[in-house]
Amino acid sequence: MASEAKMDIEMPLLILYKIRTSRLSQNKEQQRGGRNAAKKRRVYLRNERKFPNRVNLLDLNEEEIKARYRLSSAAIQSLFEKVKENLNPKTERSHAIPGIVKLLCALHFFTSGSFQNSVSTAGGITQSSFSRFLFQVIQAIVNLYKEYISFPNDPASLKAVKRSFMSVAGFPNVIGAIDCTHVALSPPSENEYIYRNEKHFHSLNMQVVVSYNMKIIDVVAKFPGSTEDSYILSQSGLHQRFENGEFGSGWLLGDNMYGLKPWLMTPINNPKTRAEKKYNHAHSTTRSTIDRTFGMLKTRFGCLDKSKGVLLYSPEKVCKIFFVCCILHNIAMNENDDLEIIEEYAQHEEINTEPFEDDTDEGGVLREKLILDHFSD
């Protein structure tokens with residue numbers, strides 16, 4: 001009887017074990033089948049994924065291209081040939097972003113000053129993708145700096161530049177006009193105060209020298225907004241080149257933010273004689289090419305326009321963006337691509353009130369001789 005009772009107990013336990021084992025096996029099969037189904041669905045969705053149409057120059061007419069990118073299609077293609085090795089994808093993925101799309105989206109960002117999201121949507125890519133490759137494009141263009149921005153230093157070039165400047169208002173021996181412009185940015189928290197300029201917004205102070213035709217021939221972009229114009233010049237390589245006499249009798253034209261030097265002519269404060277007034281007028285008229293250039297830069301490149309918002313990048317990246325805009329400006333000027341300048345941008349931008357350096361005696365003597373020889377009756 002005891003043996004029969006024991007078997008009666010074992011039989012239900014065995015049945016329960018088999019049922020449980022069967023259910024566990026079924027659950028594992030279901031889980032495995034579910035994972036396989038999910039995997040198949042991911043593969044299907046990846047294969048069926050709908051990519052937005054990416055920007056294509058062939059879809060735009062020439063007028064639309066210039067309005068969006070501020071360059072002609074030929075100039076864009078020429079630029080792409082020089083940077084494509086750094087922009088084209090290294091992967092064989094079928095949906096990798098082509099180098100020309102990267103370039104076009106970056107150009108659109110520079111000219112529009114829009115947020116990355118708006119630019120990426122217009123280009124048919126995601127904002128995260130645009131953010132990843134933007135500075136890849138920037139660095140590729142910055143590498144072309146010496147090809148597009150250089151100061152003339154051979155005798156024939158200097159002579160031609162002097163002649164062209166003199167044809168403006170009769171001011172002799174001018175080889176460049178110099179000034180600084182402020183580019184607004186969101187400052188780093190560390191040393192925030194050094195980026196606040198005298199107009200009470202945060203910026204970087206960019207030094208630029210231009211030729212008679214508004215082409216940029218020298219750029220210094222690294223100083224915070226509180227830095228005085230004349231101090232930036234004193235720390236530049238161009239200052240040393242002039243001090244060394246590399247450019248002979250040629251000089252720059254600057255405003256009263258600079259100290260008068262033998263190679264840097266500035267206006268006369270409170271001119272009294274007719275000759276001094278004629279000198280100031282010729283100086284202002286000739287030097288105005290730098291104001292028009294700044295107006296052109298900020299009209300052409302909305303990312304430099306404070307009214308459209310500040311640049312939300314580190315100071316180092318903002319400096320590179322400015323270099324890129326100067327290079328693209330010269331590319332446009334090489335095409336004689338004139339642009340109607342927004343009037344407020346072409347006005348003389350004067351922020352600091354005291355020059356870092358005093359006038360030199362040698363500069364004063366030379367300016368007096370210049371007035372006597374060229375502007376007196």
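Quick caveat, the model's predicted, so the values are computed rather than measured. Each residue takes its place number in the sequence, starting with 1.
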Q: Could I get the full list of side chain to side chain contact (heavy atoms under 4.5 Å, CB included) partners for Leu372, not counting sequence neighbours?
A: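 Leu372 satisfies side chain to side chain contact (heavy atoms under 4.5 Å, CB included) with Ser376 only.
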
Q: Below 3.5 Å, can you tabulate the donor-acceptor pairs from side chains in residues 314-322 to any protein atom, sequence neighbours excluded?
A:
from	atom 1	to	atom 2	distance (Å)
Ser314	OG	Glu316	OE1	3.4
Ser314	OG	Lys317	N	3.3
Lys320	NZ	Gln139	OE1	2.5

Q: Does Arg68 offer a backbone N or O that forms a donor-acceptor pair with the side chain of Ser112 under 3.5 Å?
A: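 Judged by distance alone, no pair lies under 3.5 Å.
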
Q: Any donor and acceptor pair, going by atom type alone, linking the side chain of Thr266 with main-chain N or O of Gly259 inside 3.5 Å?
A: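 Looks like no, no N/O pair under 3.5 Å.
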
Q: Mark yes or no for whether Glu64, through its side chain, and Asn61, through its backbone, hold a donor-acceptor pair below 3.5 Å.
A: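 Indeed, once roles are kept as given, a pair shorter than 3.5 Å links the two residues.
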
Q: Nearest 0.5 Å please: distance from the CG atom of Leu253 over to the CZ atom of Arg287.
A: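 Going from CG on Leu253 over to CZ on Arg287, the span is 8.0 Å.
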
Q: Please examine the side chains of Asp229 and Asn205, heavy atoms only from C-beta on, and report whether any two atoms are closer than 4.5 Å.
A: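 Heavy-atom side-chain distance check passes, below 4.5 Å.
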
Q: Give a yes-or-no answer on whether the side chains of Ser203 and Asn197 include a donor-acceptor pair shorter than 3.5 Å.
A: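 Result is yes, a qualifying pair exists.
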
Q: Is the side chain of Thr299 donor-acceptor paired with the backbone N or O of Met296 at a distance under 3.5 Å, no angle test?
A: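 Flag not set: sc Thr299 to bb Met296 has no pair under 3.5 Å.
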
Q: Donor-acceptor pair, Asn88 side chain versus Gly99 backbone, under 3.5 Å?
A: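 Checking the backbone N and O of Gly99 against the side chain of Asn88, a donor-acceptor pair under 3.5 Å is found.
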
Q: Please answer: with hydrophobic residues joined when any side-chain heavy atoms are less than 4.5 Å apart, are Leu144 and Leu71 in the same cluster?
A: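 Yes, Leu144 and Leu71 fall within the same hydrophobic cluster.
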
Q: Between Ile175 and Lys162, is the side-chain contact (heavy atoms from CB on, under 4.5 Å) condition met? List the steps.
A: CA-CA 6 Å; Ile175 58 175; Lys162 289 177 183 179; 3.7 Å; yes

Q: Indicate if Met166 and Leu366 have the same hydrophobic cluster label, given that clusters are the connected sets of ILVMFWY residues with side-chain heavy-atom separations under 4.5 angstrom.
A: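 No, no single cluster joins them.
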
Q: Within 45° of the six-membered ring axis of Phe242 and under 6.0 Å from that ring's centre, is NZ or CZ of Lys261 located there?
A: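 Output no; distance or angle outside limits.
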
Q: Apply side chain to side chain donor-acceptor pair (under 3.5 Å) to Thr181 and Lys298, showing your working.
A: CA-CA 10 Å; Thr181 189; Lys298 295 188 178 182; 3.0 Å; yes

Q: Indicate yes or no for a side-chain donor-acceptor contact from Ser167 to the backbone of Ser164 under 3.5 Å, with no hydrogens or angles considered.
A: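 Yes, the answer is positive, given that a donor and an acceptor are paired below the 3.5 Å cut-off.
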
Q: Between the side chains of Lys66 and Glu63, is the shortest nitrogen-to-carboxylate-oxygen separation below 4.0 Å, so that they form an ion pair?
A: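 A salt bridge is absent here (no side-chain N lies under 4.0 Å from a carboxylate O).
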
Q: Could you list the residues that satisfy ring-ring contact (aromatic ring centres under 6.0 Å, His included) with His239, not counting sequence neighbours?
A: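 ring-ring contact (aromatic ring centres under 6.0 Å, His included) check on His239 returns Trp263.
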
Q: Do any N or O atoms from the side chain of Thr227 and from the backbone of Pro224 form a donor-acceptor pair under 3.5 angstrom?
A: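 The answer is yes, because a donor-acceptor pair under 3.5 Å joins these two groups.
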
Q: With side chains defined as the heavy atoms from C-beta onward, is the minimum distance between Phe375 and Phe171 less than 4.5 Å?
A: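 They are in contact (side-chain heavy atoms under 4.5 Å apart), so the answer is yes.
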
Q: Residues two or more places apart in sequence or in another chain: which of them pass side-chain hydrogen bond (donor to acceptor under 3.5 Å, both in side chains) with Thr286?
A: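 Partners of Thr286 by the side-chain hydrogen bond (donor to acceptor under 3.5 Å, both in side chains) criterion come out as none, since no residue qualifies.
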
Q: Residues in salt bridge (charged side-chain N to carboxylate O under 4.0 Å, His left out) with Lys102, at least two apart?
A: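 Expected list: none.
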
Q: Tell me every residue that passes side-chain hydrogen bond (donor to acceptor under 3.5 Å, both in side chains) with Arg163, counting only those two or more places apart in sequence or in another chain.
A: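 Scan of Arg163 (side-chain hydrogen bond (donor to acceptor under 3.5 Å, both in side chains), adjacent residues dropped) gives none.
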
Q: Would you say the side chain of Leu311 lies within less than 4.5 Å of the side chain of Val183, judging by non-hydrogen atoms?
A: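 Counting from C-beta outward, Val183 and Leu311 do come under 4.5 Å.
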
Q: Any side-chain heavy-atom pair from Phe133 and Ile138 closer than 4.5 angstrom?
A: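 SC-SC contact between Phe133 and Ile138 ruled out.
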
Q: Using atom types as modelled, flag every donor-acceptor pair under 3.5 Å from a side chain in residues 267-274 to any protein atom, sequence neighbours excluded.
A:
from	atom 1	to	atom 2	distance (Å)
Asn269	OD1	Asn256	ND2	2.9
Thr273	OG1	Glu276	N	3.1
Arg274	NE	Asp377	OD2	3.2

Q: Does the Asn191 side chain pair with the main chain of Ile194, one donor and one acceptor, at a distance under 3.5 Å?
A: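 No, Asn191 side chain to Ile194 backbone: no donor-acceptor pair under 3.5 Å.
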
Q: Has Asp361 got more than 12 heavy atoms of other residues, nucleotides or ligands less than 6.0 Å from its CG?
A: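 Counting neighbours around CG of Asp361, 12 or fewer heavy atoms of other residues, nucleotides or ligands fall under 6.0 Å, so no.
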
Q: Looking at Glu62 and Ser72, would you say the former's side chain and the latter's main chain have a donor-acceptor pair under 3.5 Å?
A: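 No: the side chain of Glu62 does not pair with the backbone of Ser72.
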
Q: Residues in ring-ring contact (aromatic ring centres under 6.0 Å, His included) with Phe323, at least two apart?
A: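 Once residues adjacent in sequence are excluded, the partners of Phe323 under the ring-ring contact (aromatic ring centres under 6.0 Å, His included) criterion are Tyr145.
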
Q: Could you walk me through whether Arg196 and Ser226 pass the side-chain contact (heavy atoms from CB on, under 4.5 Å) test, one step at a time?
A: CA-CA 6 Å; Arg196 184 178 294 275; Ser226 63; over 6 Å; no

Q: Taking side-chain hydrogen bond (donor to acceptor under 3.5 Å, both in side chains) as the definition, give me every residue that meets it alongside Asn244, ordered by chain and number, with sequence neighbours left out.
A: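 side-chain hydrogen bond (donor to acceptor under 3.5 Å, both in side chains) check on Asn244 returns Gln240.
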
Q: Side chains of Thr293 and Lys215: do they bring a donor and an acceptor to under 3.5 Å?
A: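 Distance-only check fails for Thr293 and Lys215.
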
Q: Give me the ring orientation class for His283 and Tyr279: parallel if the planes are under 30° apart, tilted from 30 to 60°, perpendicular past 60°.
A: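 Taking Tyr279 first and then His283, their aromatic rings sit tilted (interplane angle of 30° to 60°).
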
Q: Counting only heavy atoms from other residues, nucleotides and ligands, does the tally under 6.0 Å from CD of Glu192 exceed 12?
A: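 Count over threshold, so yes.
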
Q: Would you list the pairs meeting salt bridge (charged side-chain N to carboxylate O under 4.0 Å, His left out) in which at least one residue belongs to residues 238-253, sequence neighbours left out?
A: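 Residue pairs passing salt bridge (charged side-chain N to carboxylate O under 4.0 Å, His left out), neighbours aside: Arg241-Glu246.
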
Q: So Leu204 and Phe223, side-chain contact (heavy atoms from CB on, under 4.5 Å) or not? Walk me through it.
A: CA-CA 6 Å; Leu204 290 170; Phe223 289 92; over 6 Å; no

Q: Does the pair Tyr313 and Phe135 meet the rule for a ring-ring contact (aromatic ring centres under 6.0 Å, His included), with working shown?
A: CA-CA 11 Å; Tyr313 302 100; Phe135 281 90; 5.4 Å; yes

Q: Using distance only, find each side-chain donor-acceptor pair of residues 146-161 under 3.5 Å and give its atom names and separation, not counting sequence neighbours.
A:
from	atom 1	to	atom 2	distance (Å)
Glu147	OE2	Lys82	NZ	2.5
Tyr148	OH	Lys82	NZ	2.7
Asp154	OD1	Ser157	OG	2.7
Asp154	OD2	Ala156	N	3.4
Asp154	OD2	Ser157	N	2.9
Asp154	OD2	Ser157	OG	3.0

Q: List for me each residue that meets side-chain hydrogen bond (donor to acceptor under 3.5 Å, both in side chains) alongside Lys369, sequence neighbours excluded, and say none if there are none.
A: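 Lys369 satisfies side-chain hydrogen bond (donor to acceptor under 3.5 Å, both in side chains) with Asp373 once adjacent residues are dropped.
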
Q: Counting only heavy atoms not in Lys222, do more than 12 fall under 6.0 Å of its NZ?
A: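 Not buried by this count: 12 neighbours or fewer within 6.0 Å.
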
Q: Check whether His329 reaches the backbone of Met214 with its side chain - one donor and one acceptor, N or O, closer than 3.5 Å.
A: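 Checking the backbone N and O of Met214 against the side chain of His329, a donor-acceptor pair under 3.5 Å is found.
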
